[in-house]
Amino acid sequence: MDFALETALRAGEPVLWANPRRRSVAAFGPEAVAWQVEIAAAAARLDRFGPLLAECFPELAACDGRIESALLPAPRLGEGLLVKADHVLPVAGSVKARGGVHAVLVVAERLAWQAGIIDGLGDDYRRLGSPAARELFAGHTLCVGSTGNLGLSIGIMGRALGFAVTVHMAAAAKEWKKTQLRELGATVVEYAGDYTAACAAARREAQDSPSLHFIDDENSPELFCGYAVAGLRLPAQLAALGIPVSDEHPLSLYLPCGVGGAPGGIALGARLALGDAVHIFFAEPTQAPCMLLGLASGRHADIGVADIGLSGRTVADGLAVGRPSRFVGRLMEPVIDGAYTVADEALLRLVAAAWREGGLRLEPSATAGLAGPEALRCAALPLWAEGPVTHIAWATGGGMVPETEFAALVAAGEAV
Ligand SMILES: *Cc1c(COP(=O)(O)O)cnc(C)c1O
């Protein structure tokens with residue numbers, strides 16, 4: 001890895017790393033094509049389950065059970081800036097809703113087929129909400145290692161279908177998330193160690209049991225594909241707003257990154273759907289830049305932030321990950337343009353600014369994308385030719401943060 005970059009990372013300074021391995025979509029190779037099929041299948045699955053989801057969650061009744069969020073113009077937060085409002089994504093109030101719900105539906109669909117509750121893709125999927133299906137699901141446990149939002153998403157969807165749910169959490173996870181999960185009837189297991197340790201424990205437990213289904217945040221194609229559906233849906237959303245995407249009108253996406261599944265899925269989906277005029281940057285905390293480190297060093301999951309003396313501790317609890325996903329980093333090599341880091345104080349300031357200037361209720365993790373345009377300006381990279389750039393900051397979560405908790409974050413952000 002470049003010496004200057006490593007020095008800055010070690011010092012916890014904000015950096016921007018430009019990816020020298022980015023390729024045009026035409027040069028992606030067979031692996032990306034294989035993913036394209038899987039991502040399309042995930043989109044179709046979410047559509048199949050629409051009628052059931054609309055029955056489970058009243059907030060989805062008006063949109064045929066589609067879990068989607070708006071693209072909101074946010075000129076007061078940046079010129080040409082749009083905010084992708086996943087902080088108010090239905091069901092779970094974070095980007096985790098698409099991935100987590102999809103991963104649960106994969107399990108539910110397989111079990112229901114095996115039990116003969118459904119026997120064709122054209123069946124009425126509302127049968128998966130029947131008493132017989134609930135009885136079937138009650139004999140199965142979904143387990144997940146989570147920093148918080150993934151646990152919430154799996155917990156909400158899993159419990160809605162009648163599954164037992166166990167969430168393994170690092171002790172540092174927010175108390176309100178644990179409380180909310182327990183109220184849903186999920187079991188929360190806390191670990192003194194970090195998030196990777198929580199995941200490892202969950203994985204071990206699920207290994208030999210057919211009634212235990214481990215949803216592996218570090219290594220799950222089902223989560224990844226669920227997240228990626230958001231990328232596939234972008235062209236229609238942009239077209240509806242009359243926003244062109246072309247070489248003359250480039251689009252730049254800023255995606256907060258933890259373990260990499262959510263931003264990775266969205267990035268691949270967006271590149272496949274929109275081509276080479278979309279430019280993608282991952283955003284990470286200065287103390288937990290696991291994806292940037294893995295990509296820039298070429299060592300991916302074989303290196304962790306502790307290896308370069310970083311704590312992994314950050315106010316952005318959704319991004320407090322020390323080691324990237326075992327498959328996403330490598331997959332991202334030709335996909336993204338780069339990655340940048342943001343200091344905790346800047347994230348808190350952005351929580352306050354997003355609330356004050358845009359009325360947006362974002363958690364610290366979700367503001368990392370808002371720092372993108374400025375990070376690019378500071379790095380002064382000759383990224384694109386002339387032409388007005390549309391910037392999309394992906395607001396990944398915050399909708400379920402309790403009022404008092406949010407007020408404290410805003411106050412902290414106004415004070416720094
Ligand atoms: C999980 C999460 C992310 C990042 O997703 P990963 O799949 O962990 O990279 C970003 N923001 C919020 C609010 C999250 O909960």
Side-chain angles (χ1 to χ4, degrees), residues 69 83-89 91-100 102-103 144-156 167 169-170 173-174 177 195-196 198-199 215-228 230-231 253-269 280-285 288-292 294-295 301 312 314-329 331-332 336 339 342 347 350-351 354 360-372 393-401 406 409:
S69 73
V83 167
K84 174 63 176 169
D86 275 5
H87 62 297
V88 285
L89 201 56
V91 180
S94 83
V95 67
K96 298 294 192 305
R98 286 187 209 85
H102 180 252
V144 60
S146 172
T147 51
N149 284 336
L150 181 62
L152 273 181
S153 173
I154 304 287
I156 292 167
V167 182
M169 281 187 156
K174 291 276 173 289
K177 290 181 182 172
Y195 174 65
T196 308
C199 277
I215 294 168
D216 189 347
D217 194 18
E218 293 176 350
N219 205 22
S220 164
E222 291 81 17
L223 280 175
F224 183 84
C225 290
Y227 294 131
L253 295 186
Y254 308 98
L255 308 174
C257 178
V259 77
I266 295 165
L268 183 57
I280 295 165
F281 293 86
F282 286 180
E284 299 184 294
C290 65
M291 183 61 73
L292 191 162
L295 278 161
T314 164
V315 286
D317 56 335
L319 313 181
V321 180
R323 205 174 279 275
S325 151
R326 272 169 285 141
F327 76 94
V328 174
L331 190 58
M332 287 302 107
I336 67 170
V342 191
L347 294 176
L350 285 166
V351 169
L360 305 171
R361 179 186 284 268
L362 306 186
E363 62 184 272
S365 301
T367 65
L370 291 172
W394 214 279
T396 45
M400 291 181 77
V401 176
F406 183 68
L409 286 167

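Just so you know, residue 1 is the first one in the sequence shown, and it goes up from there. As the structure lists them, so they are numbered: ligands from 1, and atoms in each ligand from 1.
- Checked by distance only, ligand 1 and Asn149 come closer than 3.5 Å through their nitrogen or oxygen atoms.
- At least one heavy atom of Pro263 sits closer than 4.0 Å to an atom of ligand 1.
- Shown in contact with Gly261 at under 4.0 Å from a heavy atom are these atoms of ligand 1, numbered in order with element: 6 (P), 7 (O), 9 (O).
- Looking at Cys257 next to ligand 1, no N or O pair under 3.5 Å apart turns up.
- Electrostatic pairing of Glu363 and Lys96 does not count as a salt bridge here, judged by no charged N lying under 4.0 Å from a carboxylate O.
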Next item on the list: Start with the C-alpha gap between Ile154 and Val167, add the side-chain angles, then the distance that decides, and say whether side chain to side chain contact (heavy atoms under 4.5 Å, CB included) holds.
Entry: CA-CA 9 Å; Ile154 304 287; Val167 182; 5.9 Å; no
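- Contacts between Lys96 and ligand 1, counted as non-hydrogen atom pairs separated by less than 4.0 Å, involve the side chain only.
- Proximity of Ala262 to ligand 1, defined as any heavy-atom pair under 4.0 Å, is shared by backbone and side chain alike.
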Checklist line | Verdict with supporting geometry, Val328 and Val259, side chain to side chain contact (heavy atoms under 4.5 Å, CB included) | finding: CA-CA 8 Å; Val328 174; Val259 77; over 6 Å; no
Check: When you look at Leu223 and Asp217, which way does the side chain to side chain contact (heavy atoms under 4.5 Å, CB included) test go after all the steps?
Finding: CA-CA 7 Å; Leu223 280 175; Asp217 194 18; 3.9 Å; yes
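- Considering backbone and side-chain atoms alike, Gly318 places every N or O at 3.5 Å or more from each N or O of ligand 1.
- Of the polar atoms of Thr396, at least one N or O is found under 3.5 Å from an N or O of ligand 1, judged by distance alone.
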